Number of protein chains: 2
Amino acid sequence: MPQTDDGIAATFAPHDHQECAHRALDEAAERLAGQGARLTPVRRRTLEILLESHRAMGAYEVLDRLAAEGFGRQPPVAYRALEFLVSHGLAHRLQRLNAFAACLHPGHDHHPAFLICRSCDKVAEAPAGPVRDALTQVAAQGGFRVERATIEALGLCATCAAQDGDPASAEDGA
Amino acid sequence: MPQTDDGIAATFAPHDHQECAHRALDEAAERLAGQGARLTPVRRRTLEILLESHRAMGAYEVLDRLAAEGFGRQPPVAYRALEFLVSHGLAHRLQRLNAFAACLHPGHDHHPAFLICRSCDKVAEAPAGPVRDALTQVAAQGGFRVERATIEALGLCATCAAQDGDPASAEDGA
DNA sequence: ACCCGAATGTAATATAGTAACGAATAGGCG
DNA sequence: CGCCTATTCGTTACTATATTACATTCGGGT
Ligand SMILES: [Zn+2]
Ligand SMILES: [Zn+2]
Ligand SMILES: [Zn+2]
Ligand SMILES: [Zn+2]
C-alpha cells in the first residue's frame, strides 16, 4: 500500500541522508550561480549545518556552530547568513519555532506548508497549493486578499506513530 | 452586492465597536463562569485592553498599559493574564507577530485562521475548517497526522484595498 | 482563627532579533 | 598592477520577547 511519496515520507523515514544533503547543497550552489549570487564560506557552512538534519535550528544554535568553526560569534553573523538563504529559497523560517530549516526542494516555487513532528522534531515540506487555495477562498468571502500565508502543522509523523505513538495509526502493527 | 458576512468584513469595516467589544466581554465572563474559572481584575482588564481594537498587541505593550493602571510591571503579569485568556479561548496568539488578539467569537471552534491586514493591522478570524481539511489531507498523503495547525495570512482587507490599496480590487471606485 | 491552593507581585535570567559602524575583500577599470 | 566601489564579514551595543524562581496576598473551606 504505497502512499504518495511526495517527499514527506522521504523526510521522516530513514534514508541515505548523506546523499539527501549533498544533493540539496549541489542544487543550491547551481541555483545561486544562475542568479549571480555568491555562496560564500559562511553561507555555505550555514546551509551545510542546516542540512545535517531535518530539524529546524534556532539562529543561536547555528551561531554556536559557526563560532566553533572559526567564523564570527555575534548574532548578525548567523542572522545574515540565514536571511540570505531564506531570501534565495534555500532555507525556510518556521514561525512557530523561531527557527530555520534547510529547503529540500530548491528550484520549485517555494512557499510550502510545514509538517513538524512533535516526537522526532523533523520538519517536512508539503505542497501548499490546495491549502493555500482554501485559505484564499475563505478570505475572499470576507473581501480579504491574501498575499502571504503561514501554514505550519504540528503533529506526529508516520515513523514516530509506528514506533511508540498512538496505535490508531498503526493498527496492523500491533 | 452583499458578500458573505461571516465576521471578516465585520472586523475590518467600520462598526459600533463599543457594542462589539462589550458583547465579547460579556460572552467571555459568561463562558468563564460556566467553567468555574475566575475573571480577576488583571485578567479582565487585559481582555478589555485587547478588545479596544482589532489589532494584535505584544505582551509588553499590554504590560505597559497594565502597569500604568496600577497592576504589576513585570513581564509575568502580562504573560500570565494573556496565557489565561488564550487557554480559555478568549484570546489568540499570532505566531507571525509574537502578539495577542482578543477572540471575537468565544464559544465557536477555537482554532480559526487569521487574516492580518498589512495596512490597518487589524486581525480577523476566518473559519479554518476547509483550510484545515486540505492540510490534514495533504499531510495524510505522507503519513503525517496533524494535531495542531497554525494558519495565518498576511494581506489587504477590503476596506484598505478600497481606500488606497491597489485598484485591481476597487476598479469601480476609480 | 487556621490552612491551603490559586493568583499576584517581584527580581533575575534566558532567548530572539536589530542597529550602527569599521575592516576585509571581490571585481571592475585606468 | 594600483585604485575605486559595492558587498560581505566581523564587532559592539542595544532592543524585544519570554521564562524561572521565589515571596506575598487572597479566597474559600474547616
Ligand atoms: Zn535527509
Ligand atoms: Zn517523527
Ligand atoms: Zn469591533
Ligand atoms: Zn486593513
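All of these numbers come straight from a predicted model, not from anything done at the bench. Below, chain A is the first sequence line, B the second, and so on; all start at residue 1.
- In the displayed structure, Gln137(B) atom CD is contacted under 6.0 Å by at most 12 heavy atoms of other residues, nucleotides or ligands.
- Where the helix from dA1(C)-dT30(D) to dG30(C)-dC1(D) starts and where it ends, the local axes point in directions that differ by 10°; five pairs per end, rounded to 10°.
- Between Arg80(B) atom CZ and dA23(D) atom C1' there is a gap of 12 Å when expressed in whole angstrom units.
- The nearest pair of heavy atoms linking Ala153(B) to Phe144(A) is O-CZ, 4.3 Å.
- The side chain of Asn98(B) contributes an N or O atom lying less than 4.0 Å from OP1 or OP2 of dA18(D).
- Where Pro75(B) and Gly70(B) meet DNA chain C, the nucleotide closest to each residue was compared, and Gly70(B) sits on the side nearer the 5' end.
- Here Tyr60(A) does not lie in a stacked arrangement on the base of dT15(C), lacking the combination of planes under 30° and ring centres under 5.5 Å apart.
- Atom CG of Leu63(B) and atom C1' of dA16(D) are 13 Å apart (whole Å).
- The existence of a salt bridge linking Glu27(B) and Arg31(B) is excluded, since no basic side-chain nitrogen approaches an acidic carboxylate oxygen closer than 4.0 Å.
- One interatomic measurement links the two molecules: CG of Asp64(A) to P of dT15(C), which rounds to 10 Å at whole-angstrom precision.
- Side-chain contact between Leu32(A) and Phe84(A): present, with at least one pair of heavy atoms (C-beta onward) separated by less than 4.5 Å.
- When the P atom of dC9(D) is taken as reference, atom OH of Tyr79(A) falls 18 Å away, rounded to whole Å.
- Considering every non-hydrogen atom in both Leu63(A) and Ala78(A), the closest pair reads CB-CB, 3.7 Å.
- Residue Gln74(B) places at least one side-chain N or O under 4.0 Å from the OP1 or OP2 atom of dA11(C).
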> Can you list the steps and then say if Arg23(B) with Glu19(B) is a salt bridge (charged side-chain N to carboxylate O under 4.0 Å, His left out)?
Replying inline: CA-CA 6 Å; Arg23(B) 187 165 45 82; Glu19(B) 203 277 325; 3.8 Å; yes
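- Between Leu66(A) atom CG and dG10(D) atom C1' there is a gap of 13 Å when expressed in whole angstrom units.
- Distance from the side chain of Thr40(B) is smallest to dA7(C) among dA18(D), dA7(C), dT10(C).
- Rounded to whole Å, the distance from CE on Met57(B) to P on dT17(D) is 12 Å.
- Residues Arg44(A) and Glu48(A) are paired through a salt bridge, judged by an N-O separation under 4.0 Å between the basic side chain and the carboxylate.
- One interatomic measurement links the two molecules: CG of Leu39(B) to C1' of dA7(C), which rounds to 13 Å at whole-angstrom precision.
- Taking atom CZ of Phe71(A) as the reference point, atom C1' of dA24(C) lies 15 Å away to the nearest angstrom.
- For the pair Ala99(B) and Arg38(B), both in contact range of DNA chain D, the more 5′-proximal nearest nucleotide belongs to Ala99(B).
- Comparing dA18(D), dG17(C), dT12(D) by their closest approach to the side chain of Pro76(A) singles out dT12(D).
- Leu135(A) and Ile116(B) are members of different hydrophobic clusters when ILVMFWY side chains are connected at heavy-atom separations under 4.5 Å.
- Within residues 82-96 of chain A, the residues approached by DNA chain C to less than 4.0 Å at the level of any non-hydrogen atom are Arg93(A), in residue-number order.
- With contacts defined as side-chain heavy-atom distances shorter than 4.5 Å, the pair Ser119(A)/Gln163(A) does not qualify.
- Distance check: Glu152(B) CD to Gln95(B) CD gives 6.0 Å after rounding to the nearest 0.5 Å.
- Note on Arg43(B): only backbone sugar-phosphate atoms sit closer than 4.0 angstrom, heavy atoms only; bases stay farther off.
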